[in-house]
Amino acid sequence: MHDALTITDLTVAYRDRPVLWDVDLSVPAGVLMAIVGPNGAGKTTLIKATLGLVRPAAGQTLIFGRPYAEQRRLVAYVPQRGSVDWDFPTTVLDVVMMGRYGSLGWLRRPGVRERDQALAALEQVHMAEFAGRQISQLSGGQQQRVFLARALVQDAQIYFMDEPFQGVDAVTERAIVAVLRNLRAAGKTVVVVHHDLQTVPEYFDWVTLINVRRIASGPVAEVFTEANLRATYGGRIAFLGQQGAAASAVGDLAADEATG
Amino acid sequence: MELLTALFADYTLRTVALGAALLGVVSGVLGCFAVLRRQALLGDAMSHAALPGIALAFMLTGQRDPLVLLLGAAAAAWLAALLVLGITGTSRIKEDSALALTLSVCFGFGLVLLSLLQKRPDAAQAGLKRFLFGQAAALVERDIVVMAALGLPALLCVALLWKHFKLLSFDPEYAASLGMPTGALSILLTTLIVMAIAIGLQSVGVVLMSAMLVAPAAAARQWTNRLSIMVLLAASFGALAGVSGALISATTRGFSTGPTVVLCMAAITLGSLLCAPERGLLWRWIRGRRQLAPVD
């Protein structure tokens with residue numbers, strides 16, 4: 001049985017600046033994994049390199065033991081909400097149906113089946129009543145749930161989510177957590193770029209800490225320690241709780257306030 | 001009314017109207033994608049860059065066949081798009097500056113070639129100057145055939161690859177993650193926009209052609225929240241402006257077609273900006289008044 005995700009010697013550079021340096025990582029199937037690290041640590045780049053969206057300078061990523069190009073159908077992707085123009089002329093249902101485009105082939109249009117799948121996915125994220133809504137009329141949290149529904153209709157084995165909790169309301173946060181748990185219960189693997197260190201032990205069972213290099217990766221109980229967090233965030237960290245679990249990255253909170 | 005009767009009776013007017021309608025539909029449809037992908041300025045740079053292409057095609061072949069000239073235009077427009085990509089990719093110059101640079105340099109080069117050609121005895125009747133501001137009245141059947149040969153395949157492409165172009169315009173990275181060849185699709189879409197530009201060059205001209213890409217799309221966006229309806233509306237607006245502008249200029253002495261078509265299009269766009277429900281300025285103003293009004 002292969003790991004869901006295997007990354008070896010991955011190095012990515014923008015111009016001359018390395019964003020990821022010699023990263024090795026293996027993620028067993030069936031875990032909910034958080035990727036944490038300070039801003040600019042390469043979290044988003046790690047996902048994009050895995051999906052072939054940025055070209056690595058060196059290294060290899062495998063999905064269930066084979067290159068991504070051969071395993072696309074097993075992978076679903078939730079990009080950052082801010083990466084698209086929400087004034088695009090389209091509806092909620094239409095965006096969710098885009099998740100089926102990869103399986104439709106070149107000339108086929110989405111039909112009744114795709115529509116039903118999209119509606120079911122919207123149901124899961126409590127957005128069914130918004131199906132006909134123009135996407136510019138959604139709140140940030142609702143936009144995030146639409147993107148999540150679009151990934152759900154891909155019916156994948158491994159899900160990559162880039163900052164799904166960024167700046168969302170409490171309803172959305174609960175909805176996303178419920179979806180994550182359902183996915184784990186169904187045996188899927190989920191990789192989530194995550195900002196809020198406090199919720200890592202509650203939401204996830206596996207964690208990877210990166211800051212250009214991989215600092216640590218493994219079960220939350222073993223790896224999410226004060227020493228590893230200090231190594232990841234440097235001096236910018238203030239610990240709030242005991243056992244090294246509840247922690248808050250000062251630098252990140254400041255960044256959240258600035259963007260959120 | 002007289003105009004309408006003339007339209008059906010007069011062969012020249014019919015040719016002009018058909019050409020203008022074709023141009024309006026094709027540029028309206030492809031303009032939607034150019035606008036949604038934020039490539040409106042790229043369209044402007046490409047259409048200006050078509051001028052040296054036309055002049056060079058005539059210089060090299062000595063022919064004024066529309067196919068030869070328009071292929072020259074399309075090739076030059078394409079090179080201009082590559083030039084913009086090359087400048088932004090290899091230097092610190094940002095995209096807006098690269099576009100301005102490409103547009104003015106190519107257009108200047110085109111004007112120099114045009115004045116060189118004016119001195120040649122055989123160029124006097126070549127009528128290349130009409131490519132500056134367009135002259136729909138000079139369209140003949142052969143022009144329409146060439147325009148249709150470029151335009152209809154372009155429209156067919158959009159219809160067949162609808163969902164690809166839609167996702168490419170909305171969320172290109174997600175499209176790539178699904179395995180769509182976004183690089184190739186992007187090149188194809190740019191090529192189709194180049195074809196739309198080539199179609200409009202004879203009747204609207206290189207200077208104002210980009211308005212025919214941008215304005216119908218902008219006007220259509222006001223009326224709808226669906227891409228399919230937006231594309232159909234833009235095609236209709238483009239055709240309406242094209243036909244009315246071309247007929248006005250063809251029946252009035254000394255009116256270039258390009259400016260007339262663009263003014264017609266501007267009227268449609270202005271009307272849409274003001275009157276469209278939800279997004280229109282009048283609508284918003286009325287809604288604002290209502291909210292201010294005292295409640296019993």
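So you know, we letter chains A, B, ... as the sequences are listed, proteins then strands, and number each from 1.
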Name, in order of residue number, those residues of residues 159-168 of chain B that have a heavy atom at a distance of less than 4.5 Å from a heavy atom in chain A; otherwise write 'none'.
->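 At a heavy-atom separation under 4.5 Å, chain A is reached by B:A159, B:L160, B:L161, B:W162, B:K163, B:H164, B:K166, B:L167.
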
Give me the contact list for residues 262-277 of chain B versus chain A, heavy atoms only, anything under 4.5 Å, ordered by residue number.
->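 Result: none.
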
Should B:Y174 and A:F147 be marked as a ring pair (Phe, Tyr, Trp, His ring centres under 6.0 Å) after you check the CA-CA gap, both sets of side-chain angles, and the distance that decides it?
-> CA-CA 10 Å; B:Y174 184 72; A:F147 263 14; 7.2 Å; no

Begin with the C-alpha distance, continue with both residues' side-chain angles, and end with the deciding distance and a verdict on side chain to side chain donor-acceptor pair (under 3.5 Å) for A:Q157 and A:T189.
-> CA-CA 6 Å; A:Q157 290 302 315; A:T189 311; over 6 Å; no

About how many Å separate CD1 of B:I286 and CZ of B:R284, when rounded to the nearest 0.5 Å?
->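 The CD1 atom of B:I286 is 13.0 Å from CZ of B:R284, to the nearest 0.5 Å.
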
Report the residues that fulfil salt bridge (Lys or Arg N to Asp or Glu O under 4.0 Å) with A:R115, sequence neighbours left out, ordered by chain and then residue number.
->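 So A:R115 forms no salt bridge (Lys or Arg N to Asp or Glu O under 4.0 Å) with any residue.
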
B:S228 versus chain A, heavy atoms under 4.5 Å apart: side chain, backbone, both or neither?
->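 No part of B:S228 comes within 4.5 Å of chain A.
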
Against chain A, label B:R226 side chain, backbone, both or neither, depending on which of its atoms sit under 4.5 Å from a heavy atom there.
->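 Backbone plus side chain of B:R226, per the 4.5 Å heavy-atom cut-off to chain A.
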
Measuring heavy-atom distances to chain B, does [X] have an atom under 4.5 Å in its side chain, in its backbone, in both, or in neither?
| X | result |
| --- | --- |
| A:V75 | neither |
| A:F160 | neither |
| A:D94 | side chain |

Crowded around B:W78 CH2? As in, over 12 foreign heavy atoms under 6.0 Å?
->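 Counting other residues, nucleotides and ligands, CH2 of B:W78 exceeds 12 neighbours.
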
CD/A:Q137: more than 12 non-hydrogen atoms of other groups inside 6.0 Å |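 For A:Q137, atom CD is crowded (more than 12 foreign heavy atoms under 6.0 Å).
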
Salt bridge (charged side-chain N to carboxylate O under 4.0 Å, His left out) partners of residues 67-80 of chain A, not counting sequence neighbours, each pair once =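 Sorted result for residues 67-80 of chain A: A:R66-A:E70.
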
Any donor-acceptor N or O pair under 3.5 Å, side chains A:D24, A:T8 =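 No - no donor-acceptor pair under 3.5 Å links their side chains.
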
Test side chain to side chain contact (heavy atoms under 4.5 Å, CB included) on A:R133 and A:T91 and set out the steps.
-> CA-CA 5 Å; A:R133 193 74 76 89; A:T91 61; over 6 Å; no

Among the listed options A:R109, A:R150, A:K48, A:Q134, the residue most often paired with chain B at heavy-atom distances under 4.5 Å =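 Of the options given, most contacts go to A:R150.
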
Options A:S83, A:P89, A:P110, A:G102, ranked by heavy-atom pairs under 4.5 Å with chain B, top entry |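 Highest number of heavy-atom pairs under 4.5 Å: A:P89.
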
Do you know which of B:G179, B:A176, B:P172, B:C32 has the most heavy-atom pairs under 4.5 Å to chain A?
->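 Counting heavy-atom pairs under 4.5 Å, the top option is B:G179.
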
Between the side chain of [X] and the main-chain N/O of [Y], is any donor-acceptor distance below 3.5 Å?
| X | Y | result |
| --- | --- | --- |
| B:T224 | B:A220 | no |
| A:R100 | A:E114 | no |
| A:D3 | A:T6 | no |

Ring centre gap for A:F165 and A:H194 strictly below 6.0 Å =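 Yes, ring centres under 6.0 Å apart.
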
